[in-house]
Every structure is written in C-alpha cells, then in structure tokens.
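Residue numbers count from 1 along this sequence.
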Amino acid sequence: MATPHIAAEPGDFAPAVLMPGDPKRAQRIAEALMDDARLVTDVRGMLGFTGTVDGKPLSVMGSGMGQPSFTIYATELLSQFGVERIIRVGTAGGIAPRVRVGDVVIATGAHTDSAMNQLRIPGVNFSAVADFHLAQAAWEASRSAQAPQDGTVHAGPIISRDHFYFTPEGQTERLAAHGVLAVEMEAAALYGVAAELGAQALAILTISDHLLDHSEDMSAQERETRFTGALRLAVAAAHS
C-alpha cells in the first residue's frame, strides 16, 4: 500500500499521528513517548514511527517544512493509511504581546497568505479551523494541576505563511492588533486537508521566538528538544 512518499503497509499507522516538521524531532518524540516504537517509513528521510503510549496506539511522523510538504503527507496518511486525526506538534514565532518564548499555543484557526486553500470552494474564503473536540481535549489537559506547564498555554488564531524570510511591512503588527497569536508555516494546509477528507486536525505550537522581541529566542538545539509541554497536550488530544 506504499504511496510515492510513504513506504508503509496497511495497519502500520495508528489512527492518531503526531506530526512535527523535523524528522529528527519525530524520532526524539517517538523515543521519548514509546518504549516499543518501530520505524514504519523513511522515504526521503521523512521518518515515521508507531508504538503505544499508555497501552494506546500512536504514530509520529515528520511533515517537512511548508504547506505543500505537509499537504502531501497529510493527504496520503488520511486517504490511504486509515489515519483519523493528525496533531501538528511544532514551533512558531510569537506575534501577540502576551505570548512569550516557551509558551504553548493551541491553534484554533489559521489565517494564511498561501493559495493552498483558495481553490477548495470557488467563490468562498475558506476558514481553516481546528477540530473543536481535539482543541477542547488539549485545553482541558493544559488546565490539569497534576502536570503544570513550563510556560503559559494560549488558545486562539495563528497565521500560516508561505515565506519564512519575507514579510510585508507592517503586516505582523496588524496581525497582532487583530488578535493573532503566532506565525508558522503548516497549520492552515493541515486544516484544509482534514476538512476535505472528513478527518480531525489540530496544531499545538511551542513559541520558539518572538517576531516583535527577539531577546529570548531559542537556539536550534532548543527548537529540537524543548517540546515537553506541547507534547503532553498533543497526546491528550490524540487519545481523546
């Protein structure tokens, strides 16, 4: 049942998949969560693992960077491998003044400057939103006094951009003024694919830097390893 981008067999993937962008982070997450993780795909170095967490099946797979890459993997997982829900576990740049480096954002919706969703329904500005059930499960897990967070957990809209280095002058400030919490490069496409295929999707993001204040930005190493808070919420959503 292999696809052009995933070399796996039927049943290799769990119904829920955690998807960081970086395949190295996918391996770190699998090793951190599962004693029985097994490699199920490694096409083009995009590693995917399946095992169990608290007796429940779970998969972890990298998505690559950007909305086109995420769309490829999400489409194949949801349409060909029996996956029912995808939770993106990634990093994002803070926009809102109340969001700090190390905080976690549960992305309830994703604005975008991309054309990825424009052609889905001609004549409609498609709203890329998370699955409410998954977002609610993640939020409730964040309120648990039994496992406090390293940083504050926020829930609200983000923006998924196509460009990493190019930003129109004044756009970030206007987004902040309109309540946008953070910027990343994948969630809007994930939400679009999930809507198309009748699946569930959510993005849970660790703030690695702040676009309006770079005094506390994470290092490259921290971006790979500092995901404990977001990961706990993602597992709660995956198994809700």
Verify the distance criterion only: is there a donor paired with an acceptor across the side chains of Arg44 and His5 at less than 3.5 Å? no
Would you say Met34 has more than 12 foreign heavy atoms packed within less than 6.0 Å of its CE? yes
For Leu231 and Ile29, the nearest pair of non-hydrogen atoms, with its separation, is CD1-CG2, 3.6 Å
So, for Ser63 and Tyr73, which heavy atoms are closest and what is the spacing to 0.1 Å? O-CD1, 3.4 Å
Quick one: closest heavy-atom pair of Glu76 and Phe81, and the distance? O-CD1, 3.3 Å
Sub-3.5 Å donor-acceptor pair from the side chain of Asp162 to the main-chain atoms of Asp113, do we have one? no
Donor-acceptor pair, side chain of Glu186 and main chain of Gly66, under 3.5 angstrom: yes
Looking only at heavy atoms, the pair that brings Val99 and Gly94 closest together is CG1-CA, 4.3 Å
Does either side chain, that of Gln67 or that of Thr112, offer a donor lying less than 3.5 Å from an acceptor on the other one? yes
Treating Asn117 as the side-chain partner and Phe126 as the backbone partner, does any N or O pair qualify as donor plus acceptor under 3.5 Å? no
Main-chain N/O of Thr52 paired to Asp36 side chain as donor or acceptor, under 3.5 Å: yes
Taking side chain as C-beta onward, heavy atoms only, is Thr172 less than 4.5 Å from Leu212? yes
Donor-acceptor side-chain pairing of Gln171 and Arg161 below 3.5 angstrom: yes
I would like to know whether Leu77 and Ile6 meet side chain to side chain contact (heavy atoms under 4.5 Å, CB included); could you show each step before the answer? CA-CA 8 Å; Leu77 287 171; Ile6 300 174; 3.8 Å; yes
Lys/Arg-Asp/Glu bridge criterion (N-O < 4.0 Å) met for Arg38, Asp12: yes
From CZ (Arg88) to OH (Tyr191), nearest 0.5 Å: 9.5 Å
Shortest non-hydrogen contact between Ala155 and Leu181, atoms and distance: C-CD1, 3.8 Å
So, the side chain of Arg120 versus the backbone of Glu196: is there a donor-acceptor pair under 3.5 Å, distance only? no
Closest approach of Leu202 and Ala237, non-hydrogen atoms and distance? CD2-CB, 4.1 Å
Distance-only polar pair, side chains of His239 and Asp54, donor-acceptor under 3.5 Å: no
State whether a side-chain donor-acceptor pair under 3.5 Å links Ser160 with His111. no
pair Leu18-Ser59: side-chain heavy atoms closer than 4.5 Å: no
